[in-house]
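Encoded as structure tokens, the structure appears first; notes follow it.
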Amino acid sequence: MRTSVLVVGGGLAGTSAALFLAWHGVPVTLVEKHPGSSAHPRAVGFNARVGELLRGVGLEDELPESRMAKGFGVRRVRAESLVGKKYEETFWTPPAELSDVEHSPVAGIGVAQDRMEPILRDKARELGADIRMSTRMLEFAQDDDGVTAVVQGDGAPYEIRADYLVAADGHRSPVREQLGITRTGRGYLHTSRSVLFRAPLEEYLQDGIGQFVIDDVGFLTTYGDGRWVLMLDDGEYDEPELRRKIFQAIGRDDLDVEIVTTGRWTISASVADRFSDGRVFLAGDAAHTLPPSRGGFGANVGIEDAHNLAWKLAAVLDGGSRPSLLDTYDAERRPVALLCHQQIFARNDGHNRDGEPDEAPLYDNNAMHFGVLYRSAAVLGAGPELPPAQLPEQWNGQPGTRAPHVWTEPGRSTVDLFGRGWVLVADHPQWEEAAAPLGVRCERVEQLDAFGLSAKGASLVRPDGYVAWRSIDLPDDPAAALEAAFRSASAGTR
Ligand SMILES: Cc1cc2nc3c(=O)[nH]c(=O)nc-3n(C[C@H](O)[C@H](O)[C@H](O)COP(=O)(O)OP(=O)(O)OC[C@H]3O[C@@H](n4cnc5c(N)ncnc54)[C@H](O)[C@@H]3O)c2cc1C
């Protein structure tokens, strides 16, 4: 069997990779060894940047908005119990910086992972991805021209030949291990037990507070669909003990509580030292395990990896870009993972049980979601003097950052202009003439000040919505300037 990209792993990162590749029209096959999603969801909070990516592939209407109060992120308190006394609220980053700036056309998404995965999977299939559940990759080998994998579903093992392989096979990543890719970071932190249960507790979800660090019990949160999870220290708990813990956490024992399942989680923090090896790319937890407790970075960053990689693979596969474009995946995404790792330990999670805090400066949630900086050969003009993250209004259209959001008409944001192909944002006819021969779509936008441009300037935006280059004013020869920038940033062959 032949495909262009083989994705191994059907969790959030792998399924997103299949979805975004299919969106770009790339023939993609995904193998996942399990028949479906785990009965015990992990992630529930998806940030607004991920919301933008999913809006971009037409999924916005299927995804419920999170209960996060805008600008505050996930609200968390220390409490005696859910119904009892609440102590201080803990913030990952200081909430004082709240401004009136609207950063995105969408809000975060609050949906449990076992609902999210099927939504992504169905959409990927609708767009043409070949998704094979209950199919395990047994082995793989790469050569100069491609990757050959042996996979097995219900029947006998068979071979799949692909141009590229995306390893989204989770934090233990057998693919990463086979490639001998080492990891950096704090490593193993602790092991947690969890119990997932249903209980009628909606009345206690007020003020956007959905996370409770309960004295002497553990961490209580909800999936927002009647299901709750209580995280406990590692140990063996029988059912009566679990019920006691649940009632203690709630502060009431007169409710119907249905235990759905239990879990055991190894919490660790590490980032792979290389995100690729030849024709193999690591994405999601295979590339970085980022503990969820101080930023909810894990799945979000994995979905963003997939988005970053998909357009590059599509561009190289269709011959528009040279394979060197793929080197920018590691150059762009690994620093983001390392920054997240640093921020997790610089932040306060209300438990502080994972060793010494990191002394690093804190970056605002909005800076982490909308304002990370890429420095790579696919960006022109992002120098080493720039910080790794800032608020979009501070970046003001800086190359290497996500193109800013402004409404161009009711319900339509500048963010909606990007997704397929390269776009030149400008409002001067000479730029339109310059863009056409390059196959770059010119979008006339009046609010060029948001992009840090004069009325005669232009910004070249990549298919992932990141600014690759800008000319603040009209140069003498806009066509030559744009062509040079486009060929360089896209590693273009055309
Ligand atoms: C308790 C908890 C809560 C969390 N909450 C959040 C949150 O709110 N927000 C957030 O962003 N992150 C959160 N995270 C982190 C998040 O869950 C993970 O980062 C994310 O699910 C990782 O997705 P993935 O696709 O990279 O890996 P996985 O979900 O681990 O998927 C890897 C898949 O690969 C498959 N696989 C492996 N080997 C093979 C093979 N050889 N052949 C076929 N298939 C294979 C596995 O079966 C698995 O399905 C949380 C984590 C935990 C533990």
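Numbering of ligands and ligand atoms starts at 1, following listing order. Quick note: numbers below take in every heavy atom, side chains included, and nothing from hydrogens, waters or symmetry partners.
Among the atoms of Leu290, none of the N or O lies under 3.5 angstrom from an N or O of ligand 1. Below 3.5 Å of separation, one finds no N or O of His171 facing any N or O of ligand 1. The shortest N or O to N or O distance between Ile267 and ligand 1 is not below 3.5 Å. Not one N or O of Pro174 is nearer than 3.5 Å to an N or O of ligand 1, by distance alone. Where the criterion is an N or O separation shorter than 3.5 Å, residue side chain and backbone included, Gly296 meets it with respect to ligand 1.
The aromatic rings of Tyr164 and Phe281 sit tilted relative to each other, their planes meeting at an angle between 30° and 60°. Ring planes of Trp228 and Phe197: parallel class, angle under 30° (limits at 30 and 60°). Using a 30° and 60° split on the angle between ring planes, Tyr466 and Tyr374 fall in the parallel class, below 30°.
Within 6.0 Å of CG on Asp216 lie no more than 12 heavy atoms contributed by other residues, nucleotides or ligands. Sparse packing is recorded around CZ of Arg172, with 12 or fewer heavy atoms of other residues, nucleotides or ligands lying under 6.0 Å away. Within a 6.0 Å radius of CD in Glu359, no more than 12 heavy atoms belonging to other residues, nucleotides or ligands are found. Atom CZ of Arg136 sits in a sparse spot, with 12 or fewer heavy atoms from other residues, nucleotides or ligands closer than 6.0 Å. No more than 12 heavy atoms of other residues, nucleotides or ligands sit less than 6.0 Å from atom CG of Asp256.
Here the heavy atom of the protein found nearest to atom 16 (C) of ligand 1 is Ala299 N, 3.8 Å. For atom 41 (N) of ligand 1, the closest non-hydrogen atom on the protein side is Met137 O, 3.0 Å. Shortest contact from atom 4 (C) of ligand 1 to any protein heavy atom: Pro292 CB, 3.5 Å. Counting only heavy atoms of the protein, atom 44 (N) of ligand 1 lies nearest to Lys33 N, 3.2 Å. Of all protein heavy atoms, the one closest to atom 19 (O) of ligand 1 is Asp285 OD1, 2.7 Å. The protein atom (non-hydrogen) at minimum distance from atom 9 (N) of ligand 1 is Gly45 O, 3.3 Å. Protein heavy atom at the shortest distance from atom 21 (O) of ligand 1 is Gln113 NE2, 3.2 Å. Of the protein's heavy atoms, Ala43 CA, 3.3 Å lies nearest to atom 5 (N) of ligand 1.
Remark: the backbone N or O of Arg347 is paired with a side-chain donor or acceptor of Arg294 at under 3.5 angstrom.
When heavy-atom distances to ligand 1 are checked against a 4.0 Å cut-off, Phe297 comes that close only through its backbone atoms N, CA, C and O. Counting heavy atoms under 4.0 Å from ligand 1, residue Val8 touches it through the side chain alone. If you look at His34 next to ligand 1, the close heavy atoms, those under 4.0 Å, all belong to the side chain.
Listed by atom number, the atoms of ligand 1 under 4.0 Å from Val31 heavy atoms are 43 (C), 44 (N). Near Val44, meaning under 4.0 Å from one of its heavy atoms, ligand 1 places the atoms 7 (C), 8 (O). Close approach to Thr135 involves these atoms of ligand 1, each under 4.0 Å from a residue heavy atom: 43 (C). The contact set between ligand 1 and Gly284, taken as ligand atoms under 4.0 Å from a residue heavy atom, comprises 26 (O). The distance from ligand 1 to the heavy atoms of Arg136 drops below 4.0 Å at these ligand atoms: 42 (N), 43 (C). Below 4.0 Å from some heavy atom of Gly9 lie the following atoms of ligand 1, by number and element: 33 (C), 34 (O), 35 (C). Taking every heavy atom of Gly170 and a limit of under 4.0 angstrom, the matching atoms of ligand 1 come to 27 (O), 30 (O), 32 (C). Heavy-atom contacts of Ala168 reach the following atoms of ligand 1: 32 (C), 33 (C), 34 (O) (cutoff under 4.0 Å).
Here atom 33 (C) of ligand 1 lies nearest to Glu32 when heavy atoms of Gln152, Met231, Glu117, Glu32 are compared. Ranked by closest heavy atom to atom 53 (C) of ligand 1, the top entry among Arg42, His288, Gln211, Arg132 is Arg42.
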Worked check of side chain to side chain contact (heavy atoms under 4.5 Å, CB included) between Arg186 and Asp358: CA-CA 11 Å; Arg186 292 213 181 186; Asp358 199 314; 4.2 Å; yes
I'd like to know whether Arg193 forms a side chain to side chain contact (heavy atoms under 4.5 Å, CB included) with Lys245, so could you lay out the CA-CA distance, the side-chain angles of the two residues, the decisive distance to 0.1 Å, and finally the verdict. CA-CA 12 Å; Arg193 291 276 171 173; Lys245 293 275 182 199; over 6 Å; no
Under the side chain to side chain contact (heavy atoms under 4.5 Å, CB included) criterion, do Leu53 and Asp464 qualify, and how do the steps go? CA-CA 9 Å; Leu53 307 184; Asp464 61 352; over 6 Å; no
Test side chain to side chain contact (heavy atoms under 4.5 Å, CB included) on Arg115 and Tyr223; report intermediate values, then the result. CA-CA 10 Å; Arg115 306 267 153 85; Tyr223 287 100; over 6 Å; no
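You'll find the ring centres of Phe345 and His341 inside the 6.0 Å limit.
Residues Thr182 and Asp273 have side chains that bring a donor and an acceptor to within less than 3.5 angstrom of each other.
Distances shorter than 4.0 angstrom do not occur between any heavy atom of Val151 and any atom of ligand 1. A heavy-atom separation below 4.0 Å is not found between Arg172 and ligand 1.
Atom OH in Tyr329 sits 7.0 Å away from atom CG in Leu282 (nearest 0.5 Å).
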